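What you see is a predicted model; the values in this text were computed from it and never measured.
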Amino acid sequence: MVDMTTRFFEDLDRRGFEPLLVKTSGTLRFDLHEGAQTTHWLLEIDRGNLRVRQEDGEADTVVGTEPRLFAELVGGEENAVAALLRGDMTVVGDLRLVLQVERVFPGPPNSRGPHHTFQRRAA
């Protein structure tokens with residue numbers, strides 16, 4: 001079974017271009033820490049063109065959090081800014097890049113306006 005985080009990043013990579021990020025360029029690495037293990041996702045953005053790799057590469061901005069919280073972010077159950085303010089997520093580098101990418105995270109299921117959804121699939 002593919003988890004929500006993997007599905008989110010695979011969808012971004014398949015999409016290839018995201019209009020919401022057309023004015024954004026930079027690299028973000030998401031470090032998902034669970035005990036002694038860290039999973040890395042590298043997102044490259046070039047004026048909306050997206051490329052995703054699962055690797056520990058150099059990045060303009062590094063976001064650190066637990067896999068559970070990140071799954072809640074991409075599931076629309078949690079808000080990235082609120083997680084930052086609570087200290088549940090760390091950012092090293094350009095915070096503006098995180099705020100731009102946060103726009104592609106889905107909103108709560110009952111929110112109004114356009115937002116992406118990433119559905120859980122059964123195994």
Side-chain angles (χ1 to χ4, degrees):
M1 180 175 133
V2 176
D3 66 5
M4 289 291 287
T5 297
T6 301
R7 190 176 333 286
F8 172 76
F9 284 116
E10 286 177 349
D11 182 68
L12 286 181
D13 195 49
R14 255 192 315 275
R15 196 178 313 166
F17 179 76
E18 173 53 62
L20 291 172
L21 300 176
V22 74
K23 295 182 181 180
T24 304
S25 291
T27 55
L28 282 104
R29 190 179 73 224
F30 295 89
D31 291 350
L32 308 182
H33 309 290
E34 188 164 39
Q37 182 176 342
T38 301
T39 303
H40 307 281
W41 290 94
L42 187 65
L43 172 61
E44 298 173 347
I45 307 165
D46 181 15
R47 295 177 310 241
N49 293 301
L50 307 176
R51 182 172 179 218
V52 178
R53 296 182 306 229
Q54 193 170 2
E55 68 179 53
D56 183 12
E58 290 292 316
D60 300 317
T61 304
V62 177
V63 177
T65 193
E66 295 178 345
R68 176 200 51 77
L69 176 61
F70 196 80
E72 291 172 355
L73 290 169
V74 300
E77 302 161 22
E78 183 59 77
N79 178 279
V81 175
L84 277 168
L85 293 173
R86 283 193 315 268
D88 292 340
M89 193 164 78
T90 61
V91 174
V92 176
D94 189 354
L95 179 60
R96 292 175 297 171
L97 199 51
V98 175
L99 297 175
Q100 291 293 316
V101 169
E102 192 260 344
R103 297 186 310 164
V104 301
F105 289 177
N110 59 352
S111 66
R112 296 179 186 249
H115 64 276
H116 296 286
T117 57
F118 298 91
Q119 301 295 323
R120 297 179 198 258
R121 290 188 223 168

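Using a 4.5 Å cut-off on side-chain heavy atoms (C-beta onward), Ile45 and Ser25 make no contact.
Within the 3.5 Å criterion, the main-chain N or O of Asp56 finds no donor-acceptor partner in the side chain of Arg29. Side-chain N or O atoms of Asp3 include one that pairs as donor or acceptor with a backbone N or O of Thr6 at under 3.5 Å. Listed for the Thr27 side chain is a donor-acceptor partner under 3.5 Å among the backbone atoms of Asp60. Side-chain atoms of Thr61 do not come within 3.5 Å of backbone N or O of Gly93 as any donor-acceptor pair. A donor-acceptor pair is defined here as one N or O able to donate and one able to accept, closer than 3.5 Å; no such pair exists between the side chain of Glu66 and the backbone of Arg68. Without hydrogens or angle criteria, Thr38 side chain to His33 main chain gives no donor-acceptor distance under 3.5 Å.
Asp46 contributes atom CG, which lies 10.5 Å from atom CZ of Phe17 (distance to the nearest 0.5 angstrom). Summarising the geometry, atom CG belonging to Leu32 is positioned 10.5 Å from atom CE belonging to Met89; distances are rounded to the nearest 0.5 Å. Taking CD of Glu18 as the reference point, atom OG1 of Thr24 lies at 9.5 Å (rounded to 0.5 Å). Between atom CD of residue Glu102 and atom CG of residue Leu97 there is a gap of 12.5 Å, rounded to the nearest 0.5 Å. From Asp13, atom CG reaches atom CD of Gln54 across 11.5 Å, with rounding to the nearest 0.5 Å.
By the rule that hydrophobic residues join a cluster once side-chain heavy atoms approach within less than 4.5 Å of another member, Leu43 and Leu95 end up as members of one cluster. Cluster annotation: Val81 is connected to Val91 through the hydrophobic network of ILVMFWY side chains, with a link wherever side-chain heavy atoms come within less than 4.5 Å. Under the 4.5 Å side-chain heavy-atom criterion for grouping Ile, Leu, Val, Met, Phe, Trp and Tyr, Leu28 is connected to Val104 within one hydrophobic cluster. Each of Leu99 and Val22 belongs to its own hydrophobic cluster when Ile, Leu, Val, Met, Phe, Trp and Tyr are linked at side-chain heavy-atom distances under 4.5 angstrom. Linking ILVMFWY residues whenever their side-chain heavy atoms come closer than 4.5 Å, directly or via other members, leaves Val74 and Val62 in distinct clusters.
Enclosure of atom CZ in Arg96 is not indicated, since only 12 or fewer non-hydrogen atoms of other residues, nucleotides or ligands lie within 6.0 angstrom.
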Derivation of the side chain to side chain contact (heavy atoms under 4.5 Å, CB included) call for Arg51 and Asn49: CA-CA 7 Å; Arg51 182 172 179 218; Asn49 293 301; over 6 Å; no
Asp11/Arg15 under salt bridge (Lys or Arg N to Asp or Glu O under 4.0 Å): CA gap, chis, key distance, verdict: CA-CA 6 Å; Asp11 182 68; Arg15 196 178 313 166; 2.6 Å; yes
Side chain to side chain contact (heavy atoms under 4.5 Å, CB included) between Thr65 and Thr90, worked out: CA-CA 7 Å; Thr65 193; Thr90 61; over 6 Å; no
Stepwise side chain to side chain contact (heavy atoms under 4.5 Å, CB included) check, Met4 with Glu77: CA-CA 12 Å; Met4 289 291 287; Glu77 302 161 22; over 6 Å; no
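Applying the ring-ring contact (aromatic ring centres under 6.0 Å, His included) definition to pairs two or more places apart or across chains, those involving residues 38-69 are Phe9-Trp41.
Every residue meeting the salt bridge (charged side-chain N to carboxylate O under 4.0 Å, His left out) condition with Glu55, not counting sequence neighbours, appears here in chain and number order: Arg53.
When each of Leu21, Val52, Val101 is tested with Leu12 by the rule side-chain contact (heavy atoms from CB on, under 4.5 Å), just one qualifies, namely Val52.
Smallest separation of non-hydrogen atoms from Leu73 and Pro106: O-CD, 3.9 Å.
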